[in-house]
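We number each residue from 1, following the sequence as shown. All figures in this text were calculated on a predicted structure; none of them were measured in a lab. Computed from heavy atoms alone, side chains included, the values below leave out hydrogens, waters and symmetry copies.
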Amino acid sequence: KRSNISIYVTDEKIGFFEYGQKQLKNPKYGYTDLDKGVIVGGYIREPEIFYKKLLQLLKFHKIRPNVIRYIINDQTVLKKEIIIDKLELAKQSVEEYITKQMGKTIHFPFQNPVFTHFVRQDTDAYLKVLIILSDGEMLHDYHDVFDRLKAKEVVLDLPSLSLYNTYITKKKKDFKNLMLVSLYDRTITIKIVEDNVPIFSVTEEAERSEEHTSELQSPNTI
């Protein structure tokens with residue numbers, strides 16, 4: 001009776017997509033507009049209004065969330081590549097090393113960053129590590145809202161990986177390297193995935209256009 005859904009939020013809209021084996025043939029999806037100032041730069045500024053809008057959207061589509069997969073807004077995701085000397089790493093895990101070096105040799109613009117990492121290169125002397133992070137305080141605010149919806153589980157995901165996985169599933173082909181371009185109401189985002197790792201993304205503001213847009217696909221990889 002409960003659904004697994006993905007939720008993506010911009011400053012202008014909340015969108016959802018229901019996923020699972022039962023929904024393969026007839027998935028539910030939809031969106032609702034947000035008033036200006038409710039979400040600013042991906043941050044919730046009016047949590048009560050945001051909650052009521054999301055609740056109304058799901059009720060309209062008769063969705064009771066079980067698992068919510070929150071697709072983190074591109075605007076609030078940062079990437080940083082570091083080199084870790086294996087002598088300094090010693091017996092620590094990479095995650096332990098990064099956590100201990102926060103505010104010392106590794107600096108992030110968030111007081112409470114939430115991060116994941118990918119080892120891009122492993123040599124005898126060092127590791128080249130890509131850190132992908134977001135603001136823990138911001139994510140906590142979203143988690144509070146999702147808790148009020150009585151979701152049993154909240155999963156975080158990256159838009160680049162979500163789009164990449166969807167694309168290769170549809171094409172039934174594994175692209176080692178891929179560039180994805182996303183057009184939103186007022187922004188355009190370019191993402192590059194290399195060896196299944198989202199190595200680059202940039203988000204730029206774009207003038208709102210009433211012209212009809214369509215998806216362009218190229219068989220060429222990077």
- Is the number of heavy atoms from other residues, nucleotides or ligands within 6.0 Å of OH (Tyr31) greater than 12? no
- Task: Could you go through the side chain to side chain contact (heavy atoms under 4.5 Å, CB included) check for Phe115 and Glu95 one step at a time?
- Result: CA-CA 9 Å; Phe115 70 90; Glu95 184 174 344; 3.9 Å; yes
- Any Tyr51 side-chain heavy atom under 4.5 Å of Leu149 side chain: yes
- Sequence neighbours excluded, the answer for salt bridge (Lys or Arg N to Asp or Glu O under 4.0 Å) partners of Asp157 is Arg69
- Give a yes or no on whether Lys52 atom NZ has more than 12 heavy-atom contacts from other residues, nucleotides or ligands under 6.0 Å away. no
- Query: Is there side-chain contact between Thr32 and Gln56, with heavy atoms separated by less than 4.5 Å?
  - Reply: no
- Query: Do you reckon Val9 sits in the same ILVMFWY cluster as Val40, going by side-chain contacts under 4.5 Å, direct or chained?
  - Reply: no
- Which pair of non-hydrogen atoms, one from Leu130 and one from Arg120, has the smallest distance, and what is that distance? CB-CG, 3.8 Å
- Message: Applying a strict under-4.5 Å side-chain criterion to I, L, V, M, F, W and Y, I'd like to know whether Leu127 and Ile83 cluster together.
- Response: no
- Message: With side chain to side chain contact (heavy atoms under 4.5 Å, CB included) as the criterion, how do Asn73 and Tyr8 come out once you've worked through the C-alpha distance, each side chain's angles and the decisive distance to 0.1 Å?
- Response: CA-CA 7 Å; Asn73 192 302; Tyr8 187 73; 4.0 Å; yes
- Query: Nearest 0.5 Å, what's the NZ-CD distance between Lys91 and Glu96?
  - Reply: 12.5 Å
- Message: I want to check something: taking the side chain as every heavy atom from C-beta on, are Tyr43 and Asp141 in contact at a cut-off of under 4.5 Å?
- Response: no
- Query: Could you state the interatomic distance from CG (Leu58) to CD1 (Ile14), rounded to the nearest 0.5 Å?
  - Reply: 8.5 Å
- Residue pair Thr10 / Ile39, side-chain heavy-atom distance below 4.5 Å: no
- Task: Look up atom CG in Asp11 and atom CG in Asp35, then write down how far apart they are to the nearest 0.5 Å.
- Result: 12.5 Å
- Mind checking whether Ile192 and Asn177 have side chains closer than 4.5 Å, heavy atoms only? no
- Would you say Ile82 and Leu89 are hydrophobically clustered, going by side-chain heavy atoms of ILVMFWY under 4.5 Å? yes
- Can you name the salt bridge (Lys or Arg N to Asp or Glu O under 4.0 Å) partners of Lys86, sequence neighbours left out? Asp122
- Residue pair Val67 / Val155: nearest heavy atoms and the distance that separates them: CG1-CG2, 4.1 Å
- Is there a side-chain contact between Glu18 and Ile63 (heavy atoms, below 4.5 Å)? yes
- Count the heavy atoms of every other residue, nucleotide or ligand shown that sit under 6.0 Å from NE2 of His140, and state whether that count exceeds 12. no
- Task: Describe, in one word, how the ring planes of Tyr70 and Tyr142 are oriented to each other, choosing from parallel (under 30°), tilted (30 to 60°) and perpendicular (over 60°).
- Result: parallel
- Task: For residues Asp135 and Glu137, report the shortest heavy-atom separation together with the two atoms involved.
- Result: OD1-N, 3.0 Å
- Message: Minimum heavy-atom separation for Lys28 and Phe16, please, with both atom names.
- Response: O-CE1, 3.7 Å
- Looking at NZ of Lys13 and CG of Leu34, how far apart are the two atoms once the value is rounded to the nearest 0.5 Å? 9.0 Å
- Same hydrophobic cluster for Val129 and Leu87, using side-chain heavy-atom links shorter than 4.5 Å among ILVMFWY? no
- Is Phe118 close to Ile132 at the side-chain level, that is, under 4.5 Å between some pair of heavy atoms? yes
- Query: So how far is it from Phe110 CZ to Leu139 CG, rounded to the nearest 0.5 Å?
  - Reply: 9.0 Å
- Item | Test item: Lys191 and Asp74 side chains (from C-beta on) under 4.5 Å apart, heavy atoms | yes
- Item | Shortest non-hydrogen contact from Ala151 toward Ile68 | CB-CD1, 3.7 Å
- Message: Arg148: which residues meet the salt bridge (Lys or Arg N to Asp or Glu O under 4.0 Å) condition with it, sequence neighbours left out?
- Response: Glu48
- Hey, could you give me the CD1/OH distance between Ile84 and Tyr126, rounded to the nearest 0.5 Å? 12.5 Å
- Check against side chain to side chain contact (heavy atoms under 4.5 Å, CB included), Leu54 and Ile7: CA-CA 10 Å; Leu54 179 55; Ile7 290 178; 4.0 Å; yes
- Query: Counting distance only, does the side-chain N/O of Thr76 pair as donor-acceptor with the main-chain N or O of Ser134 below 3.5 Å?
  - Reply: no
- Query: Same cluster for Met179 and Val197 if Ile/Leu/Val/Met/Phe/Trp/Tyr side chains link at under 4.5 Å?
  - Reply: yes
- Message: If you compare all heavy atoms of Leu57 against all heavy atoms of Gly30, which two are closest, and at what distance to 0.1 Å?
- Response: CD1-C, 4.3 Å
